[in-house]
Structure formats: C-alpha cells, structure tokens
Peer 1: 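Here's a structure for you.
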Amino acid sequence: MTDNALIEAARVSKAWPFQEAQKLFKRYPQGKPDGAPMVFESGYGPSGLPHIGTFQEVLRTTLVRRAYEALTGGAPTRLIAFSDDMDGLRKVPDNVPNADLLAANLGKPLSRIPDPFGKYESFAHHNNAMLREFLDRFGFDYEFVAASDRYNAGGFDSALARVLECNQAILDVMLPTLREERRRTYSPILPISPTTGVVLQVPVEVIDPASGMVRFTDSDGSVIEQSVFGGQAKLQWKVDWAMRWYALGVDYEMYGKDLTDSGTQSGKIIQILGGRRPEGLIYELFLDENGEKISKSKGNGLTIDQWLTYGTEESLGFYLFREPKSAKQLHIGVIPKAVDEYWQFYGNLPSQPLDKQLGNPVWHLLRSNGDGEADGEVPPVTFALLLNLVGVLGAQATRDQVWSYLANYVADADPQAHPALDAMVTAALATNRDYIAPTLKRRSPDADEARALAVLDEELAGLGEDATAEDLQNIVYEIGKDPHFKFESLRDWFKALYETLLGSPQGPRMGSFIALYGIAETRKLIAEALHETDVTNA
C-alpha cells in the first residue's frame, strides 16, 4: 500500500474518524500556516476521579487525529488534555475521604483546595495525577495543560485582556440565554476573593483591559479593585471554553450532547474574540441497561476498572468506536459481544481491500497508540464459549482448570503462547464468579427432550475424544431435525440443550462446546439432566 493510495482512500472514506478529519482538511486545504500543527483538545473537569467518559473522549479524539494524519500524509498534530482545575468546587464528591475538609473549601478553585487523600499539594493536583496515570496506562500521546498553571503564570493574561475588551459584546451573547435573576449577577469574569479565596459570582465593572483591572463587591461588602491577571480571576464556563480555544489555537474538540448549548454560545464568543470555532463532533451520551442516562452520583454505569475486569482493553475501545452519534447502553451485558466482535473484525482486517480496512474499527484502534499492524493471532476460542465453559465449571473455577479444558480444543494450550486468550480467560472467570454463577439454574428436560438427550449420549459414546467440533455439530443437528423428538425448529432443540445442560437461555455452537469441554464431561452433564428427569418423574 502506497502513501498516495492511503491518502486517496482516506479522503473519500465514510468511516466517522475520516469524516471528522475531512472537516479539518477543508478548514486548511494547504495545511496550517507556517507548518503549524493541527491542535486537538479534550477537556476534563478534575472535581472527581477520571471515568469512562474521559477515556472515550480522549480515545475518539485520538482516532480523529490519526485519521487526519493518514489523510494528509503525516501533517503535524498535537493533542492537548486540558484540566479545568481553576473551577470552583461546587459540591463534595461521594467517593473521596475527608469530606469535611472539602466542605470547608467549597467555592475555592480546585487547585487551591487541600488534597483529601493527603498525597498532593491540592485536590486538583491529585486528580490531575490520576488523569495522567489513567491516560498513560492506555498509551495515549498527549500534552497535559492545567488551567491553574496558565492562569497563575500569566499564560492566559493576553487572552483575558481580550475578554475584558469584548466584555459588553460577550454580555450581549450571554444575557438573553439566562433567567432574569441570573442576569443581575452574571459577569464573564469571576474574580477570586482576596479575603476568602472563593470564586465569586458577582457583577464586575471593567476598569482597564490592558492592566486587567476590574471593580467588584467582595462577599464581606467591601468594594475591591483588582487585576484579573496572574490567577486572581477565572472565567465563566462558556466564556472560559471559548477563551481556551482562542489562547491555545484549538482546531478540533468533540463534546457530549449535554454541552450542545454551551458549544453554541462558546462558538459565538470565540468569534467575538477574533478566533475561529473549532471543528468537532457532538456525541450521544451513555445509558444504563434501563435506558436511563448514566450518572456518577447514581452509580448506574460502568467504570473503566469494571470493564477491564469483565472484558478486555481492545473490546472497550471497539465498543466506544462504534456509532458515536447514537446513544449507547453501558452495562455488564454489552461486554461479551464487544469482546468477540473486536476479534472478528481483527481477523477480517488483513484480507480486506483498503477501502474496507478504513471502515474497519480495528484499523483505527491499532493506530491509536501503536503501529497499526494486525500481526497477532485471533484467539482460537470465543469469549461467549469461554463463558459457557466457566458457567458449567461453577463459581470456583480456576485459570488452570480452564486451560486444562482448552487443551481439548487448542494446540499448544499454554497461556504464554496465547496471551490474548489468557486475558479472555481471566475476564470470563471474573464474569462467571460475579454475574453468571449466581444466576445459573438448569431445568429438567421434558419427556421428548430427555429422549433426544439420551440419543445424543449414545452418539457421543461411540466417538473418540478426537472428534472434531464440526462432526459433533452435525450429530447435534441431525438429532434436532429428527421428527420423533417433536422440536418445531432447531432453535427449540438448541434452547433445550442450553437450559438443561448449561443453565442458560442461550449458548454457543454445541459442537464447539462439546469439543472444548470434552465428550466424557459432556456425557456427565447429560446424565445429570436425565437423572433430574427421573427424579421429577418418580
């Protein structure tokens, strides 16, 4: 594949990262002036610990960044991970220690509140460190920028002066969007009280934009004249977002549907400042299994650690890649399918023509933090099959036990030889322990099902342990199609096998399961089911 072939295919690709990258190509068809890099940004509010929403935004932005690089033949880019740590703390999070310490500092910038964990110089520094550790864990290439560093060191002073110059024009944009009561106290500038250190929501009179001088009434009633420079003020959220775009020269930032209005107002404000609104994608939000919006305070979603306990890193990226403009459910039940679909797309990638590769999620994910080559093996066993295996083995199943069964199915059944499969084994054991084993319940077969199971047992008794999965599947099919057993469809026969042998309403190809679990062990399952029928009929 030549670079020119990739560029030509990328410029017409319908895959969403390329669609987004094409916006940037149209923005600067000849590249940015003087060879400047295209600036991508992902923002983060460090009032709490990083979560799956943080991951998805950095990942998706990275995918667009890599797509743009492919589309342009390697034009320079930057990704800024921005922490809004000058924001005032509005409420005490539920999942941190020393809540009283935080409660005593409500309203102060996050970067000026003591760390309740006692590890860093501030609460924001703690959460920023967690964010960087979090992003580094997944190998993201980014530049970290903290609002507090820019505000305190004067890095935003010239942009703040520009905001003061445009104060009235910004008010003209914002005031019509506010309720009457809020209009009376609204100001683009939020001075920080020299007495309490709290970020104030008070009217502000601009005295001199060049020096940054403003006048306001402090919380104790005193009238204060103070510069906004050097970390003595911050900006209202929508104004701050626009100022950040302006000061950092941001070309691309995506955000959630809940920030649509903020994006609209911030886009107007950056134009007032003399900048250009970034390109970006508005993505849909996550829903729980009941279709309700995910809420950190409710705890009705999944954390990154939960996903990586019950699934794999690749499957998480795959799930987040798909259809960002559609709402996605985020619960344990979506993980198994994501694991298996990732490997299905991975296996398809090498043989696909270039245009199909660019639409394959794995092509993009492999480039998010690696060289982009699909040079590893596709695990020889699906995650769904592993879940059925460990379900039969029970809650106390072990890694060694699972690998002993895998020897029935996999050549060189050694975890070291199959690291991707071993990761799936670990996730399957955790899923079984916490979710499958507590709910599994095998039912007794009815009379027709029992007769079919007895025939299956007889057929298996005549086979050696080296029978192939395909041979076993054919036997299962033939029994299900036999009219003597009165199954209306093969689906009814498979459902009976799943419910009586595996204790689940759904399951794998039975030929593959029998080959994995072993003929002798499968016959024991059948014997147990037939015994239950005898007991029931007694």
Side-chain angles (χ1 to χ4, degrees), residues 309-312 314-315 318 332-348 376-395 397-415 417-437 439-440 442 456 460 463 465-477 480 490-491 493-526:
T309 297
Y310 305 116
T312 60
E314 299 92 346
S315 66
F318 176 84
I332 293 295
V334 306
I335 295 178
K337 183 179 179 183
V339 174
D340 283 337
E341 285 192 341
Y342 172 84
W343 288 113
Q344 180 181 349
F345 277 89
Y346 183 96
N348 292 339
E377 72 159 1
V378 176
V381 175
T382 66
F383 192 55
L385 188 55
L386 282 175
L387 291 175
N388 286 119
L389 173 63
V390 296
V392 171
L393 297 178
T398 66
R399 176 171 175 257
D400 289 343
Q401 188 179 14
V402 173
W403 274 100
S404 71
Y405 280 96
L406 287 170
N408 296 331
Y409 200 83
V410 178
D412 187 22
D414 181 343
H418 304 279
L421 178 56
D422 191 46
M424 289 164 57
V425 169
T426 300
L429 287 168
T431 305
N432 180 58
R433 180 193 65 231
D434 296 341
Y435 290 96
I436 297 176
T439 61
L440 283 184
R442 299 186 187 116
L456 176 59
L460 295 178
L463 297 175
E465 288 289 345
D466 59 348
T468 67
E470 197 60 36
D471 291 338
L472 294 164
Q473 186 70 11
N474 287 335
I475 291 171
V476 174
Y477 269 132
L490 279 171
R491 178 176 296 181
W493 168 227
F494 295 144
K495 188 170 186 289
L497 288 169
Y498 302 149
E499 292 177 350
T500 61
L501 302 185
L502 306 183
S504 173
Q506 56 190 12
R509 282 173 57 90
M510 284 304 297
S512 298
F513 175 79
I514 296 169
L516 174 61
Y517 193 50
I519 290 175
E521 293 298 318
T522 302
R523 292 190 65 205
K524 290 180 183 178
L525 288 179
I526 294 172

Peer 1: Let's go through Val381 and His418 carefully: what are the C-alpha distance in whole Å and the side-chain angles of both, what is the deciding distance for side chain to side chain contact (heavy atoms under 4.5 Å, CB included) to 0.1 Å, and is it a yes or a no?
Peer 2: CA-CA 11 Å; Val381 175; His418 304 279; over 6 Å; no

Peer 1: Sequence neighbours excluded, which residues qualify as ring pair (Phe, Tyr, Trp, His ring centres under 6.0 Å) partners of Tyr498?
Peer 2: none

Peer 1: Within the distance-only criterion (no hydrogens, no angle test), does the side chain of Asp340 pair as donor or acceptor with the backbone N or O of Ala384 below 3.5 angstrom?
Peer 2: yes

Peer 1: Would you say the side-chain atoms of Tyr346 pair up with the backbone N or O of Gly376, donor to acceptor, closer than 3.5 Å?
Peer 2: yes

Peer 1: Just how far is it from atom CD1 of Ile514 to atom CG of Leu501, taken to the nearest 0.5 Å?
Peer 2: 8.5 Å

Peer 1: For the CD atom of Glu314 and the CE atom of Met424, what is their distance to the nearest 0.5 Å?
Peer 2: 10.0 Å

Peer 1: Decide if atom CD of Glu521 counts as having more than 12 heavy atoms of other residues, nucleotides or ligands within a radius under 6.0 Å.
Peer 2: yes

Peer 1: Grab the two heavy atoms, one from Leu385 and one from Pro508, that are nearest each other, plus how far apart they are.
Peer 2: CD1-CB, 3.5 Å

Peer 1: Less than 6.0 angstrom separating the ring centers of Tyr310 and Phe383, yes or no?
Peer 2: no

Peer 1: If we only count heavy atoms from C-beta on, is the Leu456 to Thr522 side-chain gap below 4.5 Å?
Peer 2: no

Peer 1: Would a 4.5 Å heavy-atom cut-off, applied to side chains only, mark Arg433 and Val390 as touching?
Peer 2: no

Peer 1: Just verifying a value: how many Å separate Ser315 OG and Glu341 CD, rounded to the nearest 0.5 Å?
Peer 2: 11.0 Å

Peer 1: Return the orientation label for the Tyr517 and Phe513 ring planes: parallel under 30°, perpendicular over 60°, tilted otherwise.
Peer 2: parallel

Peer 1: Applying ring pair (Phe, Tyr, Trp, His ring centres under 6.0 Å), can you list everything that pairs with Phe345, at least two apart in sequence or on another chain?
Peer 2: Phe318

Peer 1: Testing the basics here: between Ala397 and Leu429, what is the closest heavy-atom pair and its distance to 0.1 Å?
Peer 2: O-CD2, 3.6 Å

Peer 1: Can you see which heavy atom on Gly480 is nearest to which on Trp493, and at what distance?
Peer 2: CA-CD1, 3.2 Å

Peer 1: Taking atom types as modelled, find out whether Asp414 and Trp403 have a side-chain donor-acceptor pair closer than 3.5 angstrom.
Peer 2: no

Peer 1: Can you tell me how far OG1 of Thr312 sits from CD1 of Ile335, rounded to the nearest 0.5 angstrom?
Peer 2: 9.0 Å

Peer 1: Quick one: are Gln344 and Thr382 in side-chain contact, heavy atoms under 4.5 Å?
Peer 2: no

Peer 1: Got a second to check how far Glu499's CD is from Leu440's CG, nearest 0.5 Å?
Peer 2: 11.5 Å

Peer 1: State whether the side chain of Trp343 and the backbone N or O of Ala420 hold a donor-acceptor pair below 3.5 Å, judged by distance alone.
Peer 2: no

Peer 1: Taking the side chain as C-beta and beyond, is there a heavy-atom pair between Leu421 and Leu406 under 4.5 Å?
Peer 2: yes

Peer 1: Determine whether Ile475 and Leu463 satisfy the following criterion, side chain to side chain contact (heavy atoms under 4.5 Å, CB included), listing intermediate values before the conclusion.
Peer 2: CA-CA 11 Å; Ile475 291 171; Leu463 297 175; 3.4 Å; yes

Peer 1: Would a distance-only check, ignoring hydrogens and angles, find a side-chain to backbone donor-acceptor pair under 3.5 Å from Ser504 to Gly507?
Peer 2: no

Peer 1: Consider side-chain contact (heavy atoms from CB on, under 4.5 Å). Of Asp466, Leu460, Asn408, which one does Ile519 pass it with?
Peer 2: Leu460

Peer 1: With rounding to the nearest 0.5 angstrom, report the CG to CG distance, Leu502 to Leu389.
Peer 2: 10.0 Å

Peer 1: Given the rule in the side chain to side chain contact (heavy atoms under 4.5 Å, CB included) test, do Asp422 and Arg399 qualify, once you have shown the distances and angles that lead to the verdict?
Peer 2: CA-CA 9 Å; Asp422 191 46; Arg399 176 171 175 257; 2.9 Å; yes

Peer 1: Could you tell me if the side chain of Met510 sits less than 4.5 Å from the side chain of Leu472, heavy atoms only?
Peer 2: no

